[in-house]
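Here is the structure we will look at, set down as structure tokens.
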There are 2 protein chains.
Amino acid sequence: MPRIGMKKLRRKAIIDAAILTIGERGSLEVTMSEIAGRAGVSPALAHHYFGAKEELLQATMRQLLTDLGHDCVRALAAAVTPRERVSAVIAVNFSAAQFRQEIVHAWLAFYVQAQKSPLSRRLLRVYARRLHSNLMSGLVPLMARAEAERSAEAIAALIDGLYIRRALRDGLPNPASAAALVEDYVTAKLGAAA
Amino acid sequence: MPRIGMKKLRRKAIIDAAILTIGERGSLEVTMSEIAGRAGVSPALAHHYFGAKEELLQATMRQLLTDLGHDCVRALAAAVTPRERVSAVIAVNFSAAQFRQEIVHAWLAFYVQAQKSPLSRRLLRVYARRLHSNLMSGLVPLMARAEAERSAEAIAALIDGLYIRRALRDGLPNPASAAALVEDYVTAKLGAAA
DNA sequence: TATTTTTACTTGACTGGTCAATCAACAAAA
DNA sequence: TTTTGTTGATTGACCAGTCAAGTAAAAATA
């Protein structure tokens, strides 16, 4: 039943289905048919709206990225002290919305995709840079610039590492202790700086 | 020119070719033909020796794992104090042999593979457990058990995270500074404990 | 209001290409 | 002559992408 304005709805439905399917399978080896089927449309429609599979994957990745971005600005808005800013960034990355299995799996899959797709790599770099600057905005007032830089690198690596371990259902299974681990690092680092 | 004892040689050549090809491409989306071609044999031979592609991938992963294992025991043999043991484990993971692009890419690809292959997941878990126990052997004499446990988790996550960043050619490009980052964590942690 | 036309949306059926896996046959050593 | 090693040719499955045809809402026309 063709109604106007379906385009936006369909695109969203297909992207959501893509996230779900990729998350479930844990990789990008997913057919357009599967994704379309889950979105309740024909495979041809997915091609109609996205052209090629690669484009759909790009759009899906962008969705993940913007979702995380929105969560971030919301969390940072509530933070007042620098230390709170750091904690806010950490908290978002391990929030119930972001640290879910499917999302984590999808991220991991996209990290691999970035190896062959320069565009994907660019997108991931946007994320990395944003994370870094968010962290720096909290860390710089708390320690020497060089030290802050190192800490930001370490926190980012810690987050990525904990995501992987989450994906493997290995080690820390629950978000709370993962976040606590990173917080513990920050505390230790601040203690050492003082 | 068929000579006896080819089996072992061919298997090794094919596995090496697999590591190289996977590392180059950055994912497991690699054909048997490519791997076989690089090893200088026909695709049929690869199937002859490994049966299915999945088996070849398993064998390749196992190879990576045992290589890392050997490097580890060698490095640990030279360490005498607990602190040295910790440093040895860190150093191995960022050594010239292990922190190479192709190897890092291959690891990342296998992390994704583990999502769908329970056997791969088991293999990775072996690695994770070995890393953990190696770290613990150095950390336990230096701090309270619970604290050591946390530190081991954090170090492992840091290593994984830095591997990812290496794979994305993002952030720390050189092994030395990556290792230094982890060492810095250990130092901070020990400082806080004292 | 009734009819036609246009527009937006949707699909089934098909195609071309890729690739894992198989197999029968061949070559050289034992 | 058997054993071990090796390959070219083929098969069967899967899948991204295309296309012509279809449906119904909306807009234009009578």
Side-chain angles (χ1 to χ4, degrees), chain A residues 1-22 24-61 106 109-110 112-113 115-117 119-120, chain B residues 1-22 24-61 106 109-110 112-113 115-117 119-120:
Chain A
M1 334 94 196
R3 259 159 287 172
I4 60 166
M6 277 288 108
K7 186 167 178 173
K8 191 167 283 189
L9 260 64
R10 293 296 190 205
R11 280 184 67 99
K12 181 168 175 8
I14 293 171
I15 288 176
D16 285 351
I19 294 178
L20 221 63
T21 312
I22 292 166
E24 237 170 48
R25 173 81 93 274
S27 91
L28 299 186
E29 281 175 41
V30 158
T31 69
M32 292 296 265
S33 298
E34 278 175 288
I35 296 172
R38 183 175 294 236
V41 299
S42 77
L45 197 68
H47 276 104
H48 174 67
Y49 281 129
F50 290 95
K53 188 183 180 183
E54 168 91 15
E55 267 179 78
L56 169 56
L57 296 182
Q58 295 292 338
T60 304
M61 202 164 157
F110 280 121
V112 171
Q113 167 79 356
Q115 301 307 316
K116 66 174 163 209
S117 158
L119 221 140
S120 296
Chain B
M1 334 89 196
R3 262 159 286 170
I4 61 167
M6 277 289 109
K7 186 166 178 174
K8 191 166 282 190
L9 260 66
R10 291 299 190 205
R11 281 184 67 100
K12 180 164 177 13
I14 294 169
I15 288 176
D16 286 350
I19 294 177
L20 221 63
T21 312
I22 293 166
E24 236 170 49
R25 174 80 94 277
S27 91
L28 298 186
E29 279 175 43
V30 157
T31 69
M32 291 296 266
S33 298
E34 278 175 288
I35 295 172
R38 181 176 295 236
V41 299
S42 76
L45 196 68
H47 274 103
H48 173 67
Y49 281 129
F50 291 96
K53 187 182 180 184
E54 169 90 16
E55 267 178 80
L56 168 57
L57 296 181
Q58 295 292 338
T60 304
M61 202 165 159
F110 280 121
V112 170
Q113 166 79 355
Q115 301 308 314
K116 67 175 163 211
S117 157
L119 220 139
S120 295

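Predicted model, so just to flag it, every value in this text is computed and none were measured. Here is the naming used below: chain letters follow the sequence lines, and residue numbers restart at 1 for every chain.
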What are the two closest heavy atoms between Ile14(B) and Leu56(B), and how far apart are they?
CG2-CD1, 3.9 Å

Nearest-Å distance for atom pair CZ/P, residues Phe50(B) and dC19(C):
20 Å

Hey, which of these two, His48(B) or His47(A), hits DNA chain D nearer its 5' end, going by closest nucleotide?
His48(B)

In terms of side-chain heavy atoms of [X], which of [options] is nearest?
{"X": "Ala44(B)", "options": "dT6(D), dC15(D), dG8(D)", "result": "dG8(D)"}
{"X": "Leu45(B)", "options": "dT7(D), dA21(C), dT10(C)", "result": "dT7(D)"}
{"X": "Tyr49(B)", "options": "dA20(C), dG5(D), dG17(D)", "result": "dG5(D)"}
{"X": "Ser42(B)", "options": "dA16(D), dG12(C), dG8(D)", "result": "dG8(D)"}
{"X": "Lys7(A)", "options": "dA20(C), dT10(C), dC9(C)", "result": "dC9(C)"}
{"X": "Thr31(B)", "options": "dT10(C), dT6(D), dA20(C)", "result": "dA20(C)"}

Non-neighbouring partners of Arg25(B) that pass side chain to side chain contact (heavy atoms under 4.5 Å, CB included), sequence neighbours left out:
Ser27(B), Val30(B), Glu34(B)

Is Arg10(B) close enough to dT4(D) that one of its side-chain N or O atoms is under 4.0 Å from OP1 or OP2 there?
no

Do Glu54(A) and Gln113(A) touch side chain to side chain, with heavy atoms closer than 4.5 Å?
yes

Does any non-hydrogen side-chain atom of Leu28(A) lie less than 4.5 Å from one of Val112(B)?
no

